[in-house]
Undergrad: 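Shown below is the structure under consideration.
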2 protein chains.
Amino acid sequence: MPTIADVARHAQVSPSTVSYVLSGKRSISEDTRERVQSSIRELGYHPHAGARALASSRTSVIALVLPLRSDMYVPVLMQFAVSVVTAARAHGHDVLLLTNDEGPEGLRRVTDGAQVDALIVMDVELDDPRVPVLDELGLPAVLIGVPADPGRLTCIDLDFSATGRCCVEHLAELGHRETVLIGHPGPVYQRGTGFAQRTIEGYREASLDRGLDSAVYPCGHSYDEVHAVLSRVFAEHPEVTGLIVHNEPAQGVLLDVLRRLGKRVPEDLSVVAICPEGTAEAASTPLSAVPIPASAIGQRAVEAVMGKLVEARAEDGSTLLTPQLTVRASSAAVRRD
Amino acid sequence: MPTIADVARHAQVSPSTVSYVLSGKRSISEDTRERVQSSIRELGYHPHAGARALASSRTSVIALVLPLRSDMYVPVLMQFAVSVVTAARAHGHDVLLLTNDEGPEGLRRVTDGAQVDALIVMDVELDDPRVPVLDELGLPAVLIGVPADPGRLTCIDLDFSATGRCCVEHLAELGHRETVLIGHPGPVYQRGTGFAQRTIEGYREASLDRGLDSAVYPCGHSYDEVHAVLSRVFAEHPEVTGLIVHNEPAQGVLLDVLRRLGKRVPEDLSVVAICPEGTAEAASTPLSAVPIPASAIGQRAVEAVMGKLVEARAEDGSTLLTPQLTVRASSAAVRRD
DNA sequence: GCTTCGCGTCGAAGCGCTTCGAAGAGGAGC
DNA sequence: GCTCCTCTTCGAAGCGCTTCGACGCGAAGC
């Protein structure tokens, strides 16, 4: 592997000049710059990341902390990850993948060892032990998800409260008076998952505002669980005409179960989902849905991190993306007959 | 941040001694070792990764190259990724996440820059442009998937040919004479995806061996596509009693469509899937299936990489894991009436 | 004509660690 | 008593890069 000294010799300049050509931190004459650049190309020079990190205390690597939990919906996670990597690359950075099983110590490890310049942390819970650690770490950090107390940290997420509200309003405008929210499995709520709880809040508030009945049913993913929950829903709420589904993995099964139970969508029952675009489109009856803009969030997270990194720009707290409901075949005006 | 010099001073030894305590590369007296270790703890010392990489030309980071393609089944991908990260951590290594959109150059970039010690590459195609690049890179590399010509590289994968065969044999033993394989969408095959093609090969060979009819139908993921393909299958093969499904995303919809078409599983039709354990279990009729052992593969990949890293042990070419079919409710003996 | 300035370049120091050779201290062997 | 080892520890060099101060030079200012 050629070093910067090799390049310097080849271009007949000093190593520092090569460095300045690369970083652009001092002006270099057109002439030398080209000479250096062609030497770099000719020798196939790539700066040694370790040496660079040592000298500049910058790694050009950001950490992405993924949850390992099985109850997170994987495709969304993956969209996040991919968009973060892509956006980071666009800014000349790489991504170090961490899972959560090291806990807060894992964060300390990589930052103390100067392995990363910044962190992006996913699946943040309302009362997340990582948040205080991140806050005191002092490195640029962005949370995907909003904890109860974000401290000085930047958060980015879909506005789930508005999302819940948005679903209610859509159904209300179609004339539905009684709706039910099919949620994530119980443990997700007990754990204090912000997005799940906020969705419920929004749902409840909006229902109250409009004087509509509301009810929340946590629900598992399997066919049997969905079947059991829906049976209970119809037994306990025979008048229900609107279903809001905030439980991605159950989505696929849900329409199937409804069919079995003799409910036609949207004739007997309107369904609104909160899930990735693709899932909503591919359903047997395409679902009216608020898409989860995973890619946009990932991208924003990277932008925020880069902002802090480059210009120590203090991001203005949380960014909550406005939900955008797309109407498809699964929701329709209630039939008054 | 304390440096090794701070620790040395605190423990009243030289920096090199601290280094040897950390690396264990020379014997250190019980006494000093403990003194050094408690200084490390007390000061909260973490070695600077960049400095270490520079001095030792070892980064303790391995690259994981993920495909970005939308037609890969995401949950499996994620299982791979998570198991790779977990296994790597168990060996004291971190994982740098790369996507495929930089192509072979991306590999060069991270290796030339000495950012990683080794690479794990997923979703390798039969004729993958990254393979020759990896081969000449000289770094330890492990492929998940088996290209047509692996060169000197180590490959790890499920034995998909045996998997196809295994499914046929299971159905044959139940008395089925005519089976159909529902495969991935056409482009997956045209792209030269090893695992898809090998499954078909195994399926065809085993069918031939047993004198059974065979037919392959590529198939998309959406409800409509599955419906269309299955309708064609039953029109063109009215006698079919066994379905082998090698198309994870279609799995969910499939049973639903069969029900619509008036086919009972397993009474009219036995279904065998090739998919992750969880998917097979959660189906409305639990599926007899060959699970894709993503975690095991990821783990093995890391082991292989570590082997090469530590002892320059030349892994013995490809490792193909033997498929293990689990019988569930979706397959039964054919009814002769 | 002399100072002043800015531009382009260089040299050297230093980032924090690993590692090699060597040195000091004691014990064993003759 | 002297040599020869072994066991611990140290010192110094060096990994490849960035960055700061300085220097030389031509242009501008008086």
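The chains referred to below are lettered A, B, ... by the order of the sequence lines, with proteins before strands, and numbering in each begins at 1. Predicted, not measured: the structure shown is a model, and the values here were computed from it.
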Undergrad: Taking CZ from R58(A) and C1' from dT18(D), how many angstroms apart are they, rounded to a whole number?
TA: 13 Å
Undergrad: Between P on dC15(D) and CE on M1(A), what's the gap in Å once rounded to a whole number?
TA: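 Nearest whole value for this atom pair: 16 Å.
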Undergrad: How close or far is atom C1' of dG16(C) from atom CG of L43(B), stated in whole angstroms?
TA: 15 Å
Undergrad: By nearest nucleotide on DNA chain D, pick out whichever of L54(B) and R35(B) is the more 5' one.
TA: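 Residue closer to the 5' terminus by nearest nucleotide: R35(B).
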Undergrad: Just checking S56(B): base, sugar-phosphate only, or nothing, at a heavy-atom cut-off of under 4.0 Å?
TA: sugar-phosphate
Undergrad: Below 4.0 angstrom from OP1 or OP2 of dT19(D), is there any side-chain N or O of K25(A)?
TA: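 Checking dT19(D) against K25(A), a side-chain N or O does come within under 4.0 Å of OP1 or OP2.
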Undergrad: Does a side-chain heavy-atom distance below 4.5 Å link P47(B) with I4(B)?
TA: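 The answer is no, as the side chains (C-beta and beyond) never meet within the 4.5 Å cut-off.
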Undergrad: For L22(B) and dC17(C), what is the distance between atoms CG and P respectively, to the nearest whole Å?
TA: 9 Å
Undergrad: Distance-only, no hydrogens or angles: does the D117(B) side chain make a donor-acceptor pair with backbone N or O of R58(B) under 3.5 Å?
TA: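 Absent.
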Undergrad: Does a side-chain N or O of T17(A) approach OP1 or OP2 of dT9(C) to a distance below 4.0 Å, or not?
TA: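 For T17(A), the contact criterion (side-chain N or O under 4.0 Å from OP1 or OP2 of dT9(C)) is not met.
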Undergrad: What verdict does the side chain to side chain contact (heavy atoms under 4.5 Å, CB included) test give for M1(A) and H48(A), after you've listed the backbone C-alpha separation in whole Å, the side-chain angles of each residue and the deciding distance to 0.1 Å?
TA: CA-CA 9 Å; M1(A) 288 284 96; H48(A) 186 289; over 6 Å; no
Undergrad: Can you find a donor-acceptor N/O pair under 3.5 angstrom joining the side chain of S29(A) to the base of dG8(C)?
TA: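 Flag unset: no donor-acceptor pair detected.
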Undergrad: Picking from dC17(C), dG8(C), dT8(D), which would you name as closest to the side chain of T32(A)?
TA: dG8(C)
Undergrad: Answer with yes or no whether Y20(A) presents, from its side chain, a donor or acceptor under 3.5 Å of a partner atom in the base of dC7(C).
TA: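 Flag unset: no donor-acceptor pair detected.
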Undergrad: Using heavy-atom distances to pick each residue's nearest nucleotide on DNA chain D, tell me which of H46(A) and R26(B) is more 5'.
TA: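 Counting from the 5' end, the first nearest nucleotide belongs to R26(B).
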Undergrad: What is the distance from CZ of R52(A) to P of dC15(D), rounded to the nearest Å?
TA: 19 Å
Undergrad: State whether a side-chain donor-acceptor pair under 3.5 Å links T99(A) with D101(A).
TA: yes
Undergrad: Ignoring hydrogens and geometry beyond distance, is the side chain of S14(A) in donor-acceptor contact with the base of dG11(C) at under 3.5 Å?
TA: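 Counting by modelled atom types and ignoring angles, no donor-acceptor contact under 3.5 Å is found here.
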Undergrad: What integer distance in Å separates D112(A):CG from dC17(C):P?
TA: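 That distance rounds to 12 Å.
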Undergrad: Out of dT9(D), dC17(D), dC10(D), which nucleotide sits closest to the side chain of S16(B)?
TA: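 For the S16(B) side chain, the nearest candidate turns out to be dC10(D).
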Undergrad: Would you mind reading off the distance between R9(A) atom CZ and dG16(D) atom C1', rounded to a whole angstrom?
TA: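 To the nearest whole Å, that distance equals 12 Å.
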Undergrad: Quick one: is dT18(C) close enough that its OP1 or OP2 comes under 4.0 Å of any side-chain N or O from S19(B)?
TA: yes
Undergrad: NA contact type, T3(B), heavy-atom cut-off 4.0 Å: base, sugar-phosphate, or nothing?
TA: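 Sugar-phosphate, no base atom in range.
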Undergrad: Evaluate whether atom CZ of R130(B) has more than 12 neighbouring non-hydrogen atoms of other residues, nucleotides or ligands under 6.0 angstrom away.
TA: yes
Undergrad: Go through dC10(D), dC17(C), dC17(D) for me and flag the one nearest to the H48(A) side chain.
TA: dC17(D)
Undergrad: To the nearest Å, how far apart are E34(B) CD and dT8(D) C1'?
TA: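 Value for this atom pair: 16 Å.
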Undergrad: Is a donor on one side and an acceptor on the other found under 3.5 Å between the side chain of D128(B) and the backbone of E125(B)?
TA: yes
